[in-house]
Every structure is written in structure tokens, then in C-alpha cells.
Amino acid sequence: MTTTLIIGTQWGDEGKGKVVDYFSKNADYVVRYHGGNNAGHTIKVGEEVYKLHLIPSGVIQGKTGVIGNGVVLDPEMLIKEIDELTKRGIKPKILISDRTNIIMPYHKILDGAEEKYLGDKKIGTTKRGIGPCYSDKVARRGIRTIDLTNKNSLSKKLDQIIPIKQRILDVYNIDKKLDKKEILDAYIRYGEKLKNFITITHIELNNAIKNGKNIIFEGAQGTMLDVDFGTYPYTTSSHTIAGGAAIGIGISPKHINSIIGIVKAYTTRVGEGPLPTELFDKTGEHLQQKGHEYGTTTSRPRRCGWLDLVVVQHSCMISGITKLAITKLDVLNGLKQVKICTQYQLNNRKIDFFPANIEDVRKCKPIYKELEGWNKIDKDASKLSDLPKEAQEYLQYIEKELQVPIALVSIGPGRRETIEV
Ligand code: IMP
């Protein structure tokens, strides 16, 4: 039996979809445990490209995809995703926790309203209602999947919640009347469609662990978007670090056998907030163009910069990462020189940790190790020694600095463009 947790070590978009798909070969279950349809995972199989936001990537391989209690679920979007996959010949096997919180129409409206209110201090959210839904969960006024299966109880909950939400919308000057009947009818309809998937997933998964099944826990976003350990307040609203998995699934941390940290060979971020190694020059453009760095969910161009090992080290420590998967190494092809940030200069100090104060983060100037670049990576490379000497040195430097072994290197979007170490 193995349970493998796969998480992003940067600001998300590290290429988790491909790595999860790769490791799903031998899995029985693939489990999402936090976030919602703010995530976007791209999987390329032959000429087919699948873009998933909610359904765990492993379903493409015919595995059972589980949506854990820690996820925030937009049922309308999930039904759309299921329908689209079904049309393309994949009938996804899905289980949804009966405790998963549901994104309601007022969450989406409020996400937009709060961003507008913040003006130039906005977070740059995906406007999918993620933050407002998690806020309601913690405030104990969330709607959960189980509520979608009982009209009477959902109706009573909406009677309590809707007047409050209406007043908040008025404060934000949003001219929208929330129609309880319309919301109730729509969400009961979603419940009807999803009821066969809703189950007690934590019991199913604990039994699966007991019975020696192979399970992949699929993280979304990345460490720097964690609500405690990321660039707060420019983060998402969930726990993206390894510790989030146990809570968002309902299993003991002792059941997680290995933790793979995905490291993109450079850095990207979408949305607002500081990014110490951000590049505004031709190299930044190179990374954006060659890496096709546009958001899967919002199509926004991603901001790009050199690899930041202060960030990845922070992630390795907090999540206890046991193996690294380096992605998009090929995007660095053609650069004469490549740089890796190893420390920050903050005022007159050199630091190697990530500061809590966002104003300090803005002041951090990266200190770089410069390495020689390489021209090209052979698409058929199947072992590390097939890579150019300089690319091998780049990987060795990362491994040495982080003291965590590299288990996989991705050199292109296709399944075959993967080197297992
Ligand atoms: P939210 O999760 O929609 O509230 O957005 C909060 C921040 O997280 C914004 O900067 C988003 O761009 C970022 N974010 C959310 N999901 C992802 C993701 O899957 N990849 C990268 N950034 C994300």
C-alpha cells in the first residue's frame, strides 16, 4: 500500500496535473482535499488535452476521484465538468464527501464585490467564490453537500443566511436581489444530479488505507498561496501545505507515506502580491512565451521569474517533502545563463527565510547563484545523463541546496517527456 501526497511548492501552476496523472498509473483513488474550481490542471494524453478544475486528474486514467470534505464545491461547475468528460468518452468515477462545503451564488457575487471594494489593494482572486465560501464554513453558516439532499433543511438554512447576505450586498452597493426560491430550486436540482456520488468519503478512504489500496492525494495551488504560510493576504483561503491533506480528507497524518513537492524550474504567479524574483525583461518574456504561462482557470498571463529556493526551502520544511519533481525544465532551453535565488537581501541583512510581513517581502531583493545555461533538451531523453551537462548541474544544485532527492524531471507536456530518477 502506498499513499502519496503531491503538492505545489511555489505559487501554484507548477504542473501538478501532469505529475498526478503520471503517478496515478498505479493508484486506486485520487483525492482532492482543498480549494475548488479556482484550480486548473492540464493533462495531455497523446493529442488530447484535458483541463480540469474540480475533478481529480486521476479520473482520466479511470481511477476513482474523490472530492474531500476540505474542498469548496461549485455543483454547477462540477456537473458541467462531468458532462464534458462524458461527452469525450470518459465516464468519471467520482465520490464526494457529505461534508464538503458548497459554493453558493452569493459567494461568487461577494468575491467580485470584495475585490472591487479593495481597489488597487485587490488580491486578484479567481472570482469563483472561494474565499467567501471558506469564510462561511469557518463562521459555521456553510451549506454542505448533505444539505443539497434535503429540501426542508436547505430551505431553513437559506431563510437564515439570505437576509444577511442581502444586507452585505447592499453595503457593497451591489444591486442584486437574492431570490431564495430560485436558489433553493437550483441547488436541490444539483443535489438530485449529484446524490449518487455523495458518500462518507473519510470512511471509504480509511477503509481503503486499511485494505492496502494505493492512494494519491492531489494538492491544488501551492505553498505560497497557503492562508497561513503564503504571501498573506495575497493567498487563497485554504491550507495548501501537506498538513492540509489530513484535515481535508479525514485521515491521520501518519497514513501519508510520501510527500512529493512539485517545483517548476522557474517561478510564476497569477494575481497580485509580491514576487521577489519577478523579471520584467526579455528573460521574463521568454519564460512566459515558451512556458505558455497563461492561467488555466482565468487565462490571465502569469508573472514569471527565476527559481526561488528560499520559497522552495520554506515549502520543503513546512510540508516535510520527501521527494522533488522538477517540471518544465525545457522552458529554460536557449538561455545563455540561468539564475537561482538562494537568499534575500532585506534592508542591510541577508536572510534565508520568508518574512511574514508583506511589506518586508516587497523589499526583499533576491541574491542569485548564476549557472551556465543550455541550448536544447532532447525530447527523447529518458535518463538524467541524456540531459545537457549544464541542465544536469542545474538539477544537482537544486538537490544539494534543498537536501531532498529529485524523483522525476518533466521535459515537456506529454506523458512520455518524463524522466524518472
Ligand atoms: P482565490 O483562490 O480565487 O481566492 O484567489 C486567491 C489567489 O490565489 C489569487 O492570487 C489567485 O490568482 C491565486 N490562485 C487560486 N487558485 C490558483 C491556482 O490554481 N493556481 C495559481 N494561482 C491560484
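For ligands, and for the atoms within them, numbers begin at 1 and follow the listed sequence. Residue numbers run from 1 in the order of the sequence given.
Across Thr268, Thr267, Asp13, a single residue satisfies side-chain hydrogen bond (donor to acceptor under 3.5 Å, both in side chains) together with Arg302, and that is Asp13. Under the salt bridge (charged side-chain N to carboxylate O under 4.0 Å, His left out) test applied with Asp147, the options Lys156, Arg99, Lys157 reduce to a single match, Lys157. Screening Asp352, Ile367, Asp308 for a side-chain contact (heavy atoms from CB on, under 4.5 Å) involving Tyr344 leaves a single residue, Asp308.
Every pair passing ring pair (Phe, Tyr, Trp, His ring centres under 6.0 Å) that includes a residue from residues 93-120 is listed here, sequence neighbours excluded: Tyr117-Tyr172.
Nearest protein neighbour of atom 3 (O) of ligand 1, counting heavy atoms only, is Thr126 OG1, 2.5 Å. When hydrogens are left out, the protein atom nearest atom 19 (O) of ligand 1 is Ala39 CA, 3.2 Å; that is the closest non-hydrogen contact. Ranking protein heavy atoms by distance to atom 5 (O) of ligand 1, first place goes to Thr125 CA, 3.4 Å.
Ligand-side atoms of ligand 1 in range of Trp11: 21 (C), 22 (N), range being under 4.0 angstrom from any heavy atom. Within ligand 1, the atoms closer than 4.0 Å to a non-hydrogen atom of Gly124 are 9 (C), 10 (O), 11 (C), 12 (O), numbered from 1 in the order shown. Those atoms of ligand 1 with a heavy atom of Gln221 less than 4.0 angstrom away are 15 (C), 16 (N), 17 (C), 18 (C), 19 (O). Taking every non-hydrogen atom of Ile123 and a distance limit under 4.0 Å, the qualifying atoms of ligand 1 come out as 10 (O). Short contacts between ligand 1 and Val270, defined as distances under 4.0 Å to a heavy atom of the residue, involve ligand atoms 10 (O), 12 (O), 21 (C), 22 (N). Each of the following atoms of ligand 1 lies closer than 4.0 Å to a heavy atom of Asp13: 20 (N), 21 (C).
Salt-bridge formation is detected for the pair Asp74/Lys108: a Lys NZ or Arg NE/NH1/NH2 atom is positioned less than 4.0 Å from an Asp or Glu carboxylate oxygen. Arg415 has a carboxylate O that lies under 4.0 Å from a charged side-chain N of Asp21, or vice versa, which qualifies the two as a salt bridge. Using a 4.0 Å cut-off between charged nitrogen and carboxylate oxygen, Arg141 and Asp136 count as a salt-bridge pair.
Contacts with ligand 1 closer than 4.0 Å are made by side-chain heavy atoms of Leu225 only, the backbone lying farther away. When non-hydrogen atoms are compared, ligand 1 lies under 4.0 Å from the side chain of Arg300 (C-beta onward) but not from its backbone. Counting heavy atoms under 4.0 Å from ligand 1, residue Thr235 touches it through the backbone alone. Using a 4.0 Å cut-off between heavy atoms, Tyr234 makes no contact with ligand 1 at all.
Under a cutoff of 6.0 Å and an axis angle of 45°, Lys195 and Phe197 do not form a cation-pi pair.
Considering backbone and side-chain atoms together, Asp111 places no N or O closer than 3.5 Å to any N or O of ligand 1. Considering both main-chain and side-chain atoms, Thr236 comes within under 3.5 Å of ligand 1 through a nitrogen or oxygen pair.
The local environment of CZ in Arg88 is crowded, with over 12 non-hydrogen atoms from other residues, nucleotides or ligands closer than 6.0 Å.
Taking each heavy atom of Ile6 and Ile216 in turn, the nearest pair found is CD1-CG2, 3.9 Å.
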